[in-house]
Amino acid sequence: NAGVTQTPKFQVLKTGQSMTLQCAQDMNHNSMYWYRQDPGMGLRLIYYSASEGTTDKGEVPNGYNVSRLNKREFSLRLESAAPSQTSVYFCASRSSYEQYFGPGTRLTVT
Amino acid sequence: AQSVTQLGSHVSVSEGALVLLRCNYSSSVPPYLFWYVQYPNQGLQLLLKYTSAATLVKGINGFEAEFKKSETSFHLTKPSAHMSDAAEYFCAVSTPYSGAGSYQLTFGKGTKLSVIP
């Protein structure tokens, strides 16, 4: 039981490049989330998916898109990366009221 | 709307001293409250949670927190700090309701705890 996994662990992009961050969970949870963590800002919700086939915007959705591919997988896409998107990205899934977090992806945009 | 305020972005304590990390919340409905810990270059790990049962909640690694509705607080304490407690701690609030956005977590900005030998 791996819990929540994220790939890649690290990524460096140039401004304007695109990429997809992958997240998968093996706990059969319906709800999944994407957060970004910036120094002194805590974690902020980008997008979430309450169930397979649904997605909704969180607090900071601009510049991102998501896909809930199936119950296990929830991906985050940056279409045209900007330096302001340099951050650590965390995926989470929820059982009842408790969220379980992945190890994170550290993204640098130059 | 819900929000969380953590007082003090950095807290330093001596090894063996009391740890007190402060968290105040605002919520229009009875909240669920959480403390998470993040060690350097790692993800978030749940320390403890309050979900409307006992107001004094015990978590892992000797931490506990007390829900005080009148003060809208959920401060985290540990009687005796250990070097291994050095990490960043996040308080979070969630409001349970039905609907697509249920149980969304709102995080505080975090408190970095340093333990001095």
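Every chain is numbered from 1, with letters handed out A, B, ... down the list of sequences.
- At a 4.5 Å heavy-atom cutoff, the contact between A:Leu45 and chain B is made by side-chain atoms alone.
- For chain A, no part of B:Ser9 is nearby; none of its heavy atoms comes within less than 4.5 Å.
- No donor-acceptor contact under 3.5 angstrom links the side chains of A:Tyr48 and A:Tyr35, judged on distance only.
- Of all the listed residues (B:Glu88, B:Gln45, B:Gln38, B:Lys112), the one sharing the greatest number of non-hydrogen pairs under 4.5 Å with chain A is B:Gln38.
- Considering CG of A:Asn65 and CD of A:Glu79, their distance stands at 5.5 Å, rounded to 0.5 Å.
- Here A:Gly42 is the residue among A:Gly104, A:Gly42, A:Gly102, A:Gly58 with the most heavy-atom pairs under 4.5 Å with chain B.
- Neither the backbone nor the side chain of A:Glu59 has a heavy atom closer than 4.5 Å to any heavy atom of chain B.
- A donor-acceptor contact under 3.5 angstrom links the side chains of B:Ser3 and B:Ser26, judged on distance only.
- For chain B, the nearby parts of A:Tyr97 are the backbone and the side chain; heavy atoms of each come within less than 4.5 Å.
- In this structure, no portion of A:Tyr100 lies under 4.5 Å from any heavy atom of chain B.
- A:Lys57 contributes atom NZ, which lies 13.5 Å from atom CD1 of A:Ile46 (distance to the nearest 0.5 angstrom).
- Ion pairing between B:Asp85 and B:Lys78 holds under the 4.0 Å rule for side-chain N and carboxylate O.
- Side-chain contact annotation: A:Ser87 with A:Asp38, donor-acceptor N/O pair under 3.5 Å present.
- Neither the backbone nor the side chain of A:Arg44 comes within less than 4.5 Å of any heavy atom of chain B.
- With a threshold of 4.5 angstrom between heavy atoms, A:Ser96 approaches chain B through N, CA, C or O but not through any side-chain atom.
- Comparing B:Val4, B:Leu46, B:Asn41, B:Leu44 by how many heavy-atom pairs each has under 4.5 Å with chain A, the most go to B:Leu44.
- At a cut-off of 3.5 Å, with distance as the only test, no side-chain donor of A:Arg77 or A:Ser67 sits close to an acceptor on the other residue.
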